[in-house]
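What follows is a short report on a single structure.
Since we're looking at a predicted model, the values are computed, not measured. Only heavy atoms go into these numbers, but all of them, side chains included; no hydrogens, no water, no symmetry mates.
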Amino acid sequence: MQTQNHQDFEEQKQYGAMIRSLSGDMSAQIRDWRLFHRGAPFDSIAPHLQLENLKATWSYPRGLIDGIALRLRYSDSDLHKLLSPTGMVESLIFEVLEQLRVESICPKSLKGSRQNIQTQFMSWTQQFIATGGVEGSIGLLLITVFSTVWMKLNGQEMPHLIQDIVESTRAGIADSIGHLLVALKKYRQDQTAYSKVSIEVVRLVAQFIEEEYRDNPSIRSKRKKQSSSLLQIEWIPPNTEKNQAYRAVLGQSSYEKNLYLRQALNNYHVYDDTYDIEIEAQKKIRPAQLAIYQEDLNKALSSENIPWAKLTRHYQQLFSTRIYNKWRVTEAEGLIDRRYLIRAATSPLQPILHKQPYQYPKPKAKFTLLIDCSGSMKEQRIQIACCVDALVRILDQAHIQTEVLGYSTRAWQGGRPFKAWKKNGQEANPGRLNERAHWIFKNFHTSWRRSRSGIAALLRPEIYTESVDGEALLWAAERLQKSDVGQSSNKKLILFSDGCPMDRATIEANGDEFLKNHLLKAIAWCEQQHLELWGCGIGEELRPYFQNRLSWTNDAFTLSKTLQHWAYEFKTTSMA
C-alpha cells in the first residue's frame with residue numbers, strides 16, 4: 001500500500017486548522033497536500049501559495065498558510081471563477097492579481113499575518129528568479145507585472161535585486177499600465193470592480209506577448225520559448241475539467257447530490273453478472289492449507305510486541321459510552337442496600353451491606369474493514385492480515401462489532417464475460433467485463449476467536465487478481481447499513497487499498513476513466529450516507545478524495561505504533 005506518514009498526517013491537520021481559524025471557513029481542508037474547499041479540490045491558487053512549497057527550504061510556511069486563509073476569507077470564489085479568463089497565461093495573471101488584492105487588504109489588527117504573506121511573496125519571487133524563471137521574455141514580463149502590482153497595492157518596495165532585474169521591463173510598460181495600477185488600488189475593496197480592471201491588465205499583457213511572438217519569425221522557436229518560460233510556474237486553469245466526475249456531485253443541496261449520485265450510479269452497467277460470486281473466503285481453501293495460513297499469521301503476530309490491554313482501553317474509550325444502570329451488591333461501602341435492612345435491625349453485629357452503581361461500556365460504533373485484494377496488494381498481504389487481525393481483536397475485546405470483507409476478480413483480463421463480449425461482436429461501452437469476486441473473511445455476528453481462520457484466508461495468494469473498487473465499496477456500505485437498521489450507532493467503513501481500480505478488459509473496452517469515475521461517485525455517495533468512510537494506504541491519485549484517512553508506513557513497519565497512530569487519528573477526527 002502507498003505510504004502516508006503519520007507526521008505528514010498531523011502536519012496537514014495542523015495547517016488545515018490554521019487555515020480554518022483565520023479564514024472562518026470550516027469547509028477548508030488539506031488532503032494529501034492539496035487544498036479542498038466545500039468538498040472540492042481548490043486547484044486554482046496563486047503559484048506562491050502552492051502547498052508543495054511548504055516543504056521547500058526557501059518557503060515561509062506561515063505566510064503561505066495565511067495567504068490561503070485570506071484568499072478564502074476575502075474573495076468570492078464563485079464570482080472569481082465566473083470572471084476568470086480561459087487561457088492559461090490569462091487565468092494565471094487574473095488569479096495572482098486577485099491574490100495580491102486580498103493580501104493587500106489584510107486588516108491592520110493582523111499585523112503578523114501581513115508580514116508573513118509579504119515575506120512569502122518576496123521569497124517566491126526571489127526563488128523564481130534564481131531558478132531561471134526570468135530567462136525567457138514571458139517569464140520576465142509576468143514577474144514584472146506581479147511585482148509592480150504588489151508594490152502599488154502594498155505601498156512598499158521590493159528588494160533591490162528584484163528591482164534591478166525588472167526595472168527595464170517595467171519602464172517599457174509603465175505608460176500602458178500606469179493608469180490601470182491606480183485603478184487596481186482604488187477598487188481593491190470591491191472584488192467586482194477590481195476584477196474588471198484585472199481583465200484589462202490581462203488583455204494588455206496578452207497583447208505584449210502577442211507582439212513578442214510577432215517579432216519572432218520562427219514558429220518553432222516561439223513554441224520552445226513559450227514552453228521554457230511558462231513551465232517554470234506550476235498552474236492549473238480554473239475552468240479545466242480535471243476530476244469532472246468528482247466535481248459533478250457537488251450540488252447546492254444534499255437532495256441534489258443524492259439525486260445526481262443515484263442517477264450516475266444507475267448508469268453504471270455490467271455486461272454479464274452470471275459468474276459473480278459472494279462467498280466466505282475460507283470455504284474456497286482446503287482446511288489443511290488454512291491451518292498453515294493460520295500458523296503463519298500467529299507467528300507474524302507473536303513477533304510484534306503489542307500492548308493489547310492498553311490499546312483495548314484506548315479504543316474502548318473512543319467508541320464506547322459508559323452508563324450506570326447496574327449495581328454491585330454486598331459492598332463494604334456505598335449506598336445502603338434496602339434489601340438487607342431487616343438483617344441490619346435484627347443482627348446488629350453483622351456488617352451493613354451496601355451497593356454501588358456499576359459503570360459498564362456500551363458500544364457506539366460498528367466497523368467494516370474492506371480489503372483490496374488486487375495483485376499489487378499481494379506482497380503486503382502478511383502485514384495487512386496482521387493489522388486486520390489485531391484491530392479486530394482489539395475492537396472485539398472492546399465489545400465493538402466488526403466485519404472484514406475483500407474484493408477482487410475471479411480471473412485475469414476479463415474471464416468468461418470478456419470472451420462472450422468478443423464473441424458477440426464487441427459492442428461499444430459494454431460495461432464491466434470481468435467476473436467479480438466479493439470475499440467475506442468475517443461477519444458481524446462472529447467473534448474474533450471464531451473468525452481467525454477466515455481472516456487467515458487473506459494470506460492465500462490466489463485471491464489477489466484484479467479489482468473493481470466502486471462496486472465493492474457500495475456492497476460493503478450496503479451491508480454496513482443493513483447490519484443495524486433503525487439503530488444510531490456510528491458506522492465506519494475503512495478501505496485498505498493502494499491505487500485506482502484495475503480491470504484490464506473493462507478499461508480497454510470502456511476507457512481509462514470508466515472504473516475510476518464510478519469509484520469517485522461511490523466515494524461521494526458513501527459520504528452522503530450515515531457512515532464514515534476512511535481510506536488507508538490509498539494511492540496518490542485517489543487519496544485526496546477521502547475526507548478521513550489513516551496513516552500507513554511500509555518502511556520500518558511496526559504494528560503496535562500503527563495501531564496507536566490509528567487510535568489518535570480516530571480521536572482527532574472525531575473531535576474536529
Measure centre to centre between the rings of F94 and H80, then say whether the value is under 6.0 Å.
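Distance test on ring centres: under 6.0 Å, yes.
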
Quick check: F570 with F367 (ring centres under 6.0 Å apart)?
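Yes, they do, as the ring centres are separated by less than 6.0 Å.
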
Under 4.5 Å between any side-chain heavy atoms of [X] and [Y], yes or no?
X    : Y    : value
W566 : W552 : yes
I440 : R479 : yes
P461 : R381 : yes
Y293 : R460 : yes
Q564 : T558 : no
E541 : K516 : yes
I19  : L35  : yes
C373 : F441 : yes

On a heavy-atom basis, which atom in [X] and which in [Y] lie closest, and how many Å separate them?
X    : Y    : value
I523 : Y545 : CG2-O, 3.5 Å
D498 : S376 : OD2-OG, 2.7 Å
W475 : G406 : CZ3-O, 3.7 Å
S77  : R38  : OG-NH1, 3.8 Å
F36  : P544 : CZ-O, 3.1 Å
A28  : L72  : CB-CD1, 3.7 Å

So does [Y] get a backbone contact from the side chain of [X], meaning a donor-acceptor N/O pair under 3.5 Å?
X    : Y    : result
R436 : V468 : no
Q12  : D32  : yes
E532 : N490 : no
S59  : N53  : yes
W421 : E427 : yes
E403 : L480 : no
T506 : L433 : yes
S408 : I463 : yes
T465 : T409 : yes
H269 : N429 : yes

If you measure from [atom1] on [X] to [atom2] on [Y], what distance do you get to the nearest 0.5 Å?
X    : Y    : atom1 : atom2 : value
F42  : L51  : CZ    : CG    : 11.0 Å
Q50  : I68  : CD    : CD1   : 8.0 Å
L297 : S453 : CG    : OG    : 10.5 Å
H438 : I279 : NE2   : CD1   : 13.5 Å
C526 : K491 : SG    : NZ    : 12.5 Å
K283 : L290 : NZ    : CG    : 13.0 Å

Tell me if the [atom1] atom of [X] is crowded by more than 12 foreign heavy atoms within 6.0 Å.
X    : atom1 : value
Q289 : CD    : yes
I382 : CD1   : no
E478 : CD    : no
Y568 : OH    : no
E379 : CD    : no
N305 : CG    : no

Please step through salt bridge (charged side-chain N to carboxylate O under 4.0 Å, His left out) for the pair E508 and R504, ending with a clear verdict.
CA-CA 6 Å; E508 288 177 6; R504 290 178 179 83; over 6 Å; no

Side chain to side chain contact (heavy atoms under 4.5 Å, CB included) between L474 and H518: does it pass, once the steps are laid out?
CA-CA 10 Å; L474 296 174; H518 182 248; 4.0 Å; yes

Compute both the distance and the angle, then confirm whether K521 meets the cation-pi test with Y268: under 6.0 Å from the six-membered ring centre, within 45 degrees of the axis.
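The answer is no; the distance or angle limit is not met.
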
Just checking, any donor-acceptor pair under 3.5 angstrom between side chains of N298 and Q294?
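Yes, a side-chain donor-acceptor pair sits under 3.5 Å.
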
Any side-chain donor near an acceptor of the partner, E569 and H6, under 3.5 Å:
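Present: a donor and an acceptor within the cut-off.
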
Give the intermediate values and the outcome of salt bridge (charged side-chain N to carboxylate O under 4.0 Å, His left out) for residues K442 and D396.
CA-CA 12 Å; K442 176 191 178 300; D396 186 76; 5.6 Å; no

Does K492 form a side chain to side chain contact (heavy atoms under 4.5 Å, CB included) with N548? I'd like the steps, not just the answer.
CA-CA 10 Å; K492 299 182 184 294; N548 304 308; over 6 Å; no

Test log, rule salt bridge (charged side-chain N to carboxylate O under 4.0 Å, His left out), inputs D389 and R452
CA-CA 7 Å; D389 186 88; R452 294 207 70 201; 3.2 Å; yes

R432 pairs by salt bridge (charged side-chain N to carboxylate O under 4.0 Å, His left out) with which of D276, D272, D273?
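The option that passes is D276.
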
Could you please spell out the steps behind the side chain to side chain contact (heavy atoms under 4.5 Å, CB included) verdict for L301 and L559?
CA-CA 9 Å; L301 284 169; L559 181 55; 3.7 Å; yes

Mind running side chain to side chain contact (heavy atoms under 4.5 Å, CB included) on E462 and K284 for me, showing each step along the way?
CA-CA 10 Å; E462 289 76 12; K284 301 290 288 185; over 6 Å; no

